Amino acid sequence: RNFVVATVAFLQKHGFQGLVLEWHFPVCWQSDCSKGPDSDRSGLASLAEELRLAFEPAGLTLAATLSGYKEVIGKAYDVPRLSRALDFMNIMTYDWRGYWDGITGHHSPMHANAADENQEFNIDSVMGHYESLGAPKSKLVMGIPFYGQSFTARGGASEYGAAVSGPGKAGKFTQQKGMLAYHEICALIQKGTLRKESATTWRGPYAYGGGQWVGYDDTTSVAAKAELIKTKGWAGAAVW
């Protein structure tokens, strides 16, 4: 109750339009579903409902950013209750692939493909899963990453699904191994350090060179995702 009252006052004081809840994640703290209590699931739904009751008369918008992993979804979210309480839901449809898999792969593919070991790690599957649990299309927002997951490929391999030895080198500006901002990827391609391979119908583009490999989204793949949103009737897109 203290949080609800303080939040409404804060939003009104600064003239903000609303609040997006971002918790990574109820029950599954930092994606580990053994860390948090089971009561987190109902706790988040109750918090959203109490916020809704306070937000409506104040004319405020309420949303949440939710996981794209089905295990987390099943344990963390009471989707019907959240769907009623929230104005929209940003779904984290990215980070499905990374150096931790031991092979190169695109972290935000639109569709399933035999080249992927887990057929659930794609936008079609996860957004459809939320729909099956009761989330209305009109409230579902697809996440689009403006960064890439990067890898150090063994033996300088360049193909999709190649073995990796660890995360890619840190970027000049982001300074974090295993990821590169879109502008960093573009600069490396322009300099000839990385060579780009265009997207297919199921995944976004990737670039490689000097033992480095990165899967990301560019203007072409983002446009394809925009068309998918329109075709499916989802509410829109959120970028990270």
Side-chain angles (χ1 to χ4, degrees), residues 24-25 27-35 65-76 90-130 142-171 174-182 184-185 188-189 193-218 221-222 224-225 228 239-240:
H24 301 179
F25 299 98
V27 185
C28 306
W29 296 358
Q30 294 300 306
S31 298
D32 184 343
C33 292
S34 68
K35 283 187 176 180
T65 298
L66 306 177
S67 176
Y69 284 89
K70 288 188 178 180
E71 180 187 10
V72 175
I73 296 167
K75 292 180 180 295
N90 296 331
I91 311 304
M92 301 171 72
T93 46
Y94 39 77
D95 289 343
W96 286 312
R97 289 282 178 267
Y99 66 88
W100 53 84
D101 293 313
I103 58 172
T104 60
H106 199 282
H107 74 112
S108 185
M110 289 197 295
H111 312 294
N113 187 273
D116 276 332
E117 293 179 2
N118 194 321
Q119 297 294 296
E120 295 182 349
F121 288 174
N122 60 82
I123 290 167
D124 261 346
S125 177
V126 170
M127 296 290 277
H129 185 58
Y130 271 101
M142 177 206 292
I144 300 179
F146 278 15
Y147 65 96
Q149 290 284 355
S150 65
F151 310 75
T152 296
R154 293 185 185 277
S158 61
E159 67 271 15
Y160 195 96
V164 304
S165 59
K169 295 177 182 177
T174 50
Q175 292 291 305
Q176 179 177 320
K177 291 182 178 180
M179 67 83 66
L180 292 168
Y182 178 62
E184 290 175 319
I185 298 167
L188 291 169
I189 293 171
T193 305
L194 295 179
R195 176 182 175 182
K196 178 180 177 179
E197 290 288 342
S198 297
T200 66
T201 56
W202 64 276
R203 59 152 176 79
Y206 64 89
Y208 62 90
Q212 298 296 292
W213 198 103
V214 59
Y216 64 104
D217 274 305
D218 64 2
S221 63
V222 168
K225 288 182 174 181
L228 183 63
V239 300
W240 180 268

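Source: prediction; values computed, not measured.
Considering every non-hydrogen atom in both Ala170 and Leu180, the closest pair reads C-CD2, 4.4 Å. Heavy-atom minimum distance, Trp213 versus Glu159: NE1-O, 3.5 Å. Shortest non-hydrogen contact noted between Pro205 and Asp217 is CD-CA, 4.2 Å.
Two residues are said to be in side-chain contact when any heavy atoms from C-beta on lie closer than 4.5 Å; Val239 and Val222 fail this criterion. With contacts defined as side-chain heavy-atom distances shorter than 4.5 Å, the pair Phe25/Leu66 does not qualify.
Note: Met92 CE to Tyr69 OH = 9.0 Å, rounded to the nearest 0.5 Å. In this structure, OH on Tyr206 lies 9.5 Å from OH on Tyr160, to the nearest 0.5 angstrom. Annotation: the span from Met142 atom CE to Ile123 atom CD1 amounts to 4.5 Å, rounded to 0.5 Å. Separating the CG atom in Asp218 from the OH atom in Tyr182 is a distance of 5.5 Å, to the nearest 0.5 Å. Taken from CG in Asp95 to CZ in Phe121, the straight-line distance is 11.0 Å, to the nearest 0.5 Å. With rounding to the nearest 0.5 Å, the separation of CG in Leu228 from OG in Ser221 is 12.0 Å.
Side chain of His111 to backbone of Arg203: no donor-acceptor contact under 3.5 angstrom is found. No donor-acceptor distance shorter than 3.5 angstrom exists from the side chain of Asp101 to the backbone of Ile103, with no hydrogens or angles considered. With Gln149 contributing its side chain and Tyr216 its backbone, the two residues share no donor-acceptor pair below 3.5 Å. Checking side-chain atoms of Gln212 against main-chain N and O of Lys169 turns up a donor-acceptor pair under 3.5 Å. One N or O on the side chain of Thr104 and one on the backbone of Ala162 form a donor-acceptor pair closer than 3.5 Å. The backbone N or O of Lys70 sits nowhere less than 3.5 Å from a side-chain atom of Glu120 that would complete a donor-acceptor pair.
No hydrogens or angles considered: nothing links the side chains of Lys225 and Thr93 as a donor-acceptor pair under 3.5 Å. Donor-acceptor pairing under 3.5 Å is lacking for the side chains of Thr152 and Lys177.
Taking the six-membered ring for Trp and the full ring otherwise, His107 and Phe151 have centroids separated by 6.0 Å or more.
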